[in-house]
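Reading through the structure tokens given below for one structure.
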Amino acid sequence: MNILERLFEMTALGELIESPLTLVMFALAFVLLYLGIKKRFEPLLLVPIAFGLLLANFPGGQMNVIQATADNGLLKMTILEIAKEYGIMNMLYYLLIKTGLLPPLIFLGVGAMTDFGPMLRNLRLAFFGAAAQIGIFTVLISAVAMGFTLKQAGALGIIGGADGPTAIYTSIVLAPELLGPIAIAAYSYMALVPVIIPFVVRFTTTESELKIHMKKQEKLYPSKTKIKNLRTVKIIFPIALGTIVSLLVPSSVPLVGMLLFGNLIKEIGSDTNRLFKAASETIMNTATIFLGLCVGATMTADTFLNSQTLMIVVGGFIAFAVSIFGGIMAVKIYNIFSKKKINPLIGATGLSAVPMASRVANDIALKYDPSNHILQYAMSSNISGVIGSAVAAGVLISFLS
Amino acid sequence: MNILERLFEMTALGELIESPLTLVMFALAFVLLYLGIKKRFEPLLLVPIAFGLLLANFPGGQMNVIQATADNGLLKMTILEIAKEYGIMNMLYYLLIKTGLLPPLIFLGVGAMTDFGPMLRNLRLAFFGAAAQIGIFTVLISAVAMGFTLKQAGALGIIGGADGPTAIYTSIVLAPELLGPIAIAAYSYMALVPVIIPFVVRFTTTESELKIHMKKQEKLYPSKTKIKNLRTVKIIFPIALGTIVSLLVPSSVPLVGMLLFGNLIKEIGSDTNRLFKAASETIMNTATIFLGLCVGATMTADTFLNSQTLMIVVGGFIAFAVSIFGGIMAVKIYNIFSKKKINPLIGATGLSAVPMASRVANDIALKYDPSNHILQYAMSSNISGVIGSAVAAGVLISFLS
Amino acid sequence: MNILERLFEMTALGELIESPLTLVMFALAFVLLYLGIKKRFEPLLLVPIAFGLLLANFPGGQMNVIQATADNGLLKMTILEIAKEYGIMNMLYYLLIKTGLLPPLIFLGVGAMTDFGPMLRNLRLAFFGAAAQIGIFTVLISAVAMGFTLKQAGALGIIGGADGPTAIYTSIVLAPELLGPIAIAAYSYMALVPVIIPFVVRFTTTESELKIHMKKQEKLYPSKTKIKNLRTVKIIFPIALGTIVSLLVPSSVPLVGMLLFGNLIKEIGSDTNRLFKAASETIMNTATIFLGLCVGATMTADTFLNSQTLMIVVGGFIAFAVSIFGGIMAVKIYNIFSKKKINPLIGATGLSAVPMASRVANDIALKYDPSNHILQYAMSSNISGVIGSAVAAGVLISFLS
Amino acid sequence: MNNDIQTALIVLVVGMITVFVILALVVLTGEILIRIVNRFFANPPSSQAHLSSADTNVATPLETRGIPKQTLAAIVSTVDIITEGKGKIKDIHTK
Amino acid sequence: MNNDIQTALIVLVVGMITVFVILALVVLTGEILIRIVNRFFANPPSSQAHLSSADTNVATPLETRGIPKQTLAAIVSTVDIITEGKGKIKDIHTK
Amino acid sequence: MNNDIQTALIVLVVGMITVFVILALVVLTGEILIRIVNRFFANPPSSQAHLSSADTNVATPLETRGIPKQTLAAIVSTVDIITEGKGKIKDIHTK
Ligand code: NA
Ligand code: NA
Ligand code: NA
């Protein structure tokens with residue numbers, strides 16, 4: 001009958017029958033919601049990603065992101081044309097994500113919520129945030145060998161930076177078609193840091209190394225400079241660092257520069273409190289909600305269920321593991337040449353995943369020696385790992401895009 | 001003299017003399033401000049609408065919305081070109097309203113502020129939110145008979161959904177040229193619910209029906225399932241419902257999906273508190289201010305002062321009244337077949353206009369029997385009426401656009 | 001070697017060697033940061049401007065604003081194309097600044113934070129906010145004589161309005177290429193009001209004039225009308241004034257209209273509290289952060305280090321001084337014809353720079369007569385000076401654009 | 001009859017059917033959900049004491065046949081609601 | 001004289017006139033508004049006791065001739081302000 | 001060897017060098033900054049009492065030769081850090 005036919009056409013049941021794999025996407029959405037809500041894996045991102053995925057899977061709602069191709073002319077359309085033709089989710093995607101706007105805005109908020117104090121108090125340990133970026137580049141090479149394009153390989157590798165906004169920003173610039181799986185892998189592995197770090201640590205360190213007592217070493221071989229005016233140092237530091245980075249790695253400025261600006265308006269205090277509130281609350285929260293929904297909406301059965309996604313999941317894990325390994329090795333090499341020993345767990349946190357990696361490292365250290373509180377030390381390489389991976393992202397973008 | 005001439009040209013006095021009907025628009029603005037401020041009719045929307053109207057009435061300020069036509073090429077212009085050529089109000093209108101962005105964002109906030117608890121506790125009453133959508137479709141047919149186009153008639157009918165953002169969203173998609181009067185009618189009648197519901201109830205119910213005591217009926221014929229873990233139910237409910245709606249009425253996903261997502265991030269609690277704050281404060285408040293101003297700015301003497309506006313005002317009232325009538329009749333029919341009776345006021349609140357309709361129904365019930373507190377029961381059909389009209393909007397959009 | 005070459009190319013060192021004047025821009029950024037942070041000169045604007053400037057100076061980061069020319073086709077590009085081609089800072093600039101959106105939004109917030117109470121209680125003094133706009137037009141003429149175009153001269157002159165958002169709005173519309181220096185001059189001189197007002201006052205007033213005691217004059221010649229229902233007056237006032245301004249100077253509506261709307265939603269109180277919070281917090285703070293960064297990003301060595309910038313710095317100071325002078329003279333002329341004398345400091349605050357000018361005037365008055373508290377009186381002309389310069393901006397835009 | 005009015009009539013029929021179906025599904029989903037949660041995720045303090053009559057329709061042995069608990073509950077609750085408590089599940093076989 | 005400078009001069013004259021007119025209207029509107037509100041919307045506790053001299057210019061009988069109260073107040077206040085208190089309204093006739 | 005893999009290798013080398021250089025500069029900048037601030041902007045209560053050994057490397061007379069204090073501190077601190085405390089500045093001449 002005519003009415004029933006039109007009723008059926010209105011629903012997405014026909015589409016579901018045509019592409020039953022959509023059910024797998026629904027299942028994925030439910031798994032992500034379970035992980036985000038019940039297991040508390042990065043709920044601020046995984047819940048919107050999962051719900052975005054849920055809403056995206058039927059074309060009738062126009063809530064799924066259509067990738068721009070040479071044919072569909074999306075890149076030439078105005079925002080209004082995109083909204084009219086493809087709905088509000090594509091509007092948000094092409095206005096906020098594809099432009100690369102939201103990750104820098106989130107970095108602005110991250111900066112406004114970051115305290116460089118622990119890093120400044122244990123400055124030399126910040127150096128180990130560099131070695132822990134090796135996973136990014138190792139996986140880049142492996143992925144190219146496996147058949148990914150250079151751009152895709154770079155986007156895959158950056159998962160090893162263990163930093164959500166950095167991974168998303170790099171994907172948007174280098175390989176937007178992989179944004180969904182890369183974002184999910186990045187945030188999932190960040191949430192799995194309490195499992196991954198102990199796993200790598202077990203195979204690469206000895207008990208005696210894990211017992212290296214940071215405070216005792218500090219007393220034996222004092223090296224730190226006491227900070228006599230922390231507030232002034234904290235205000236000048238982001239300005240100085242911003243100048244250096246904009247001079248040496250301009251392509252990382254959208255990320256690092258915004259991070260440092262956010263940090264500056266926090267450290268100035270009450271005079272810029274309005275800016276701080278905008279950065280750490282208004283902009284941060286709003287950007288997170290739209291980023292999550294849009295990333296989720298990029299994933300449909302067609303684009304997600306393929307061997308690339310599987311390779312991203314595997315490659316992302318390898319990138320994480322190699323980065324942790326690199327950080328640990330850097331400490332071990334340092335320890336060969338120095339009388340003053342450093343606990344290799346400090347290297348493991350160079351990965352970033354702030355502050356969970358530091359907490360995990362601290363817990364491991366305390367298991368081997370209940371008096372060995374290494375949280376403050378771990379935070380130094382941990383925070384510097386954020387800068388490290390943002391700089392690495394700048395290099396990837398500069399060379400590959 | 002030259003200077004005086006140029007001085008005069010700078011003012012809008014010439015335009016006022018040419019189209020003195022503008023004074024009527026000023027009068028309308030003052031009336032709306034009076035209703036919003038003094039009578040407290042939906043001030044969050046009516047005050048910005050009225051002020052937008054006030055600012056819009058002279059072209060020199062470029063604060064009036066120009067409807068896109070085949071000739072003026074507005075739909076092809078970039079945001080920057082629109083702003084340069086037609087000013088910031090058109091920019092906001094074409095970026096935020098014409099794209100259909102703001103109503104879903106407001107639904108996101110509405111969801112974050114809605115508690116499905118009362119509905120879940122009296123689930124079966126939610127069914128009566130369906131019957132109360134009949135006014136939408138009745139007026140659709142009447143309006144077509146009166147000479148409106150199908151699209152315009154659909155936009156007019158949706159006033160009977162008694163839900164501001166739904167009415168605005170449907171108007172934007174189907175008949176943006178009628179946005180102003182439809183928005184004003186929708187919000188005014190929502191504010192007039194304390195008058196309209198008693199008016200319809202008086203002509204359709206008997207005293208004995210209005211005395212049906214919900215709690216006593218519940219004790220006589222117990223049917224409700226006790227909820228043993230409300231938090232879990234409340235978290236899974238929006239996910240499950242979102243899945244069903246995106247499968248069956250994809251065209252209502254921009255509204256219902258966002259509502260349910262907002263509700264989910266509220267129910268999860270502290271883990272997604274940042275998202276909740278973004279949805280219920282930042283995005284909601286900002287969207288409201290821009291929606292109101294832009295809706296007001298669509299109304300100028302040319303576009304507003306005509307017979308269509310009058311018909312919308314009349315048609316909107318009929319849609320409201322028929323919807324209330326439909327809800328009441330559905331209860332009456334149910335009562336014929338069931339031993340367990342339901343107070344017809346529960347049907348009247350199916351209209352939505354949350355939570356004012358429920359309060360009005362409760363007051364009427366208490367007038368007839370001071371022990372008959374029906375608020376909790378009324379809230380069930382009241383909340384479901386929001387879903388009902390959003391689904392109806394989806395059907396209208398799917399069939400008519 | 002190949003790798004080192006590519007490493008060098010990635011940095012901005014090459015560009016620094018080519019245009020060493022960039023170092024001057026860095027120095028300027030540090031000076032502005034010093035003024036904003038340490039000297040507390042308008043930190044909410046100068047800190048973001050300075051940091052935007054810092055991030056903008058190397059093309060590799062795509063954080064510098066490229067002015068649209070006939071050749072580069074920027075005005076024809078969509079937001080997405082601008083972001084892809086020129087980076088997020090240009091996207092923000094062309095979406096938020098070049099469209100002229102942010103200054104009206106900031107005026108919305110300013111209105112929501114302005115209390116017209118002091119002005120309403122001393123209404124007749126508001127008239128002196130008019131005379132203090134003379135610096136705007138005097139510098140307009142001088143600048144044209146010095147070789148600026150009419151549009152540039154208008155943008156320069158508006159610095160004399162002593163109102164940041166007004167100056168920025170006018171510059172965007174009339175001479176976007178001068179936005180950076182004009183914004184810096186405007187905010188710097190506003191911060192220097194405690195130096196500039198005493199400087200002008202010293203050369204134009206006598207001790208006996210500065211000793212004119214406002215409260216005693218008021219008692220001798222009472223003229224004020226007691227307000228019996230301040231809340232109602234405060235609610236109707238922005239509505240009435242908005243109507244008048246939109247009729248007489250439509251081109252100032254984007255500024256004055258938004259100011260008055262912001263004020264209205266504040267005065268209504270709890271019924272529109274959500275709108276008030278959006279205007280005074282969410283929108284205001286976010287607009288400030290983006291305005292500052294983008295204004296800073298317009299300034300590069302090429303565009304900033306030239307004789308025009310120097311002339312703007314000098315011209316801006318003259319505009320300020322002449323405006324203060326005009327306000328003082330208006331009072332002196334009034335005093336010739338009136339028995340009831342007014343302290344010339346009331347004229348000096350007509351400039352605006354709310355509320356600092358009033359505080360400075362009050363301090364000067366107290367120095368000459370410790371019982372002569374003129375703050376409440378000064379606030380009247382001070383607040384009206386905001387309206388005065390916004391109206392002057394409307395005239396400039398209407399005649400010169 | 002005018003063509004537009006005919007379309008409007010179709011929209012009326014389709015629209016009201018859709019609204020009724022969706023709200024029926026809201027009720028149904030809610031009921032099933034509440035029963036599943038009550039049975040398997042009830043809050044500890046009040047779990048076993050307040051079993052509703054619907055839940056007791058299911059004999060406990062059913063749960064030990066290799067069918068996942070949640071699936072089972074979904075099936076049971078659905079049958080229960082659709083048959084308005086009259087249908088009872090006696091056994092479930094997995095091939 | 002240079003053409004641009006002539007334009008600038010015109011803008012100076014027009015601009016200052018406009019600013020003066022608008023701020024004069026700010027003052028005038030404010031004064032009228034305060035008087036109308038004082039007369040018809042004064043807060044109960046302090047209403048009749050503190051009538052300003054301007055308000056007492058109007059004889060009470062005027063109010064009973066079918067002219068709306070607000071309109072009357074507007075007329076009276078306007079005359080009062082423009083004539084600086086010297087003009088007094090004796091009667092108003094409606095045709 | 002595949003061309004893409006060669007590019008990837010170059011990126012590996014350049015990337016790790018860059019990351020190491022930047023983080024080395026983070027450490028260096030931080031150290032210099034702390035020393036300058038300690039020497040010239042130390043908070044009053046704890047200023048002279050807790051001079052670190054690094055700071056005492058600089059003889060006080062140096063400060064009186066017309067070289068700005070901050071510049072001096074920057075030079076001294078840089079030498080100090082780069083030479084890991086072994087180099088000492090005996091004198092600075094300005095032409
Ligand atoms: Na990292
Ligand atoms: Na409804
Ligand atoms: Na001013």
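Keep in mind it's a predicted model, so treat the numbers as computed, not measured. Below, chain A is the first sequence line, B the second, and so on; all start at residue 1.
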| request: Look only at the side chain of A:Gln217 and the backbone of A:Lys341, and say whether a donor-acceptor pair between them is shorter than 3.5 Å. | output: yes
What residue, out of [options], has the most heavy-atom pairs lying under 4.5 Å from chain F?
{"options": "A:Gly157, A:Ala153, A:Gly394, A:Ala131", "answer": "A:Ala131"}
{"options": "A:Val144, A:Leu150, A:Leu125", "answer": "A:Leu150"}
{"options": "A:Phe127, A:Phe128, A:Phe237", "answer": "A:Phe127"}
{"options": "A:Ile236, A:Val249, A:Leu120", "answer": "A:Ile236"}

| field | F:Ile34 side chain near A:Leu123 side chain, heavy-atom distance below 4.5 Å | value | yes
| request: Indicate yes or no: at least one non-hydrogen side-chain atom of A:Tyr377 is less than 4.5 angstrom from one of A:Asn343. | output: no
| Taking the six-membered ring for Trp, are the ring centroids of A:Tyr169 and A:Phe107 within less than 6.0 Å of each other? | no
Any side-chain donor near an acceptor of the partner, [X] and [Y], under 3.5 Å:
{"X": "A:Ser358", "Y": "A:Asn382", "answer": "yes"}
{"X": "A:Gln152", "Y": "A:Glu177", "answer": "yes"}
{"X": "A:Thr349", "Y": "A:Ser381", "answer": "yes"}

| query | Which residues, numbered in order, of residues 383-393 of chain A come under 4.5 angstrom of chain F by heavy-atom distance? | reply | A:Ser384, A:Ile387, A:Gly388, A:Val391, A:Ala392
| How close do A:Ile134 and A:Thr138 get, heavy atom to heavy atom, and via which atoms? |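 Closest approach of A:Ile134 to A:Thr138: O-OG1, 2.6 Å.
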| query | For the candidates F:Val26, F:Thr29, F:Leu25, which exhibits the highest count of non-hydrogen atom pairs separated by less than 4.5 Å from chain A? | reply |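 Heavy-atom pair counts peak at F:Val26.
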[X] versus chain F, the contacting section by heavy-atom distance below 4.5 Å:
{"X": "A:Leu400", "answer": "side chain"}
{"X": "A:Leu248", "answer": "side chain"}
{"X": "A:Ala143", "answer": "neither"}

| Out of A:Ile141, A:Ile136, A:Val395, which one pairs with F:Leu12 under the side-chain contact (heavy atoms from CB on, under 4.5 Å) rule? | A:Ile141
| query | With a cut-off of 6.0 Å (strictly less than), are more than 12 heavy atoms of other residues, nucleotides or ligands near CZ of A:Phe399? | reply |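 Yes, because the 6.0 Å sphere around CZ of A:Phe399 holds more than 12 heavy atoms from other groups.
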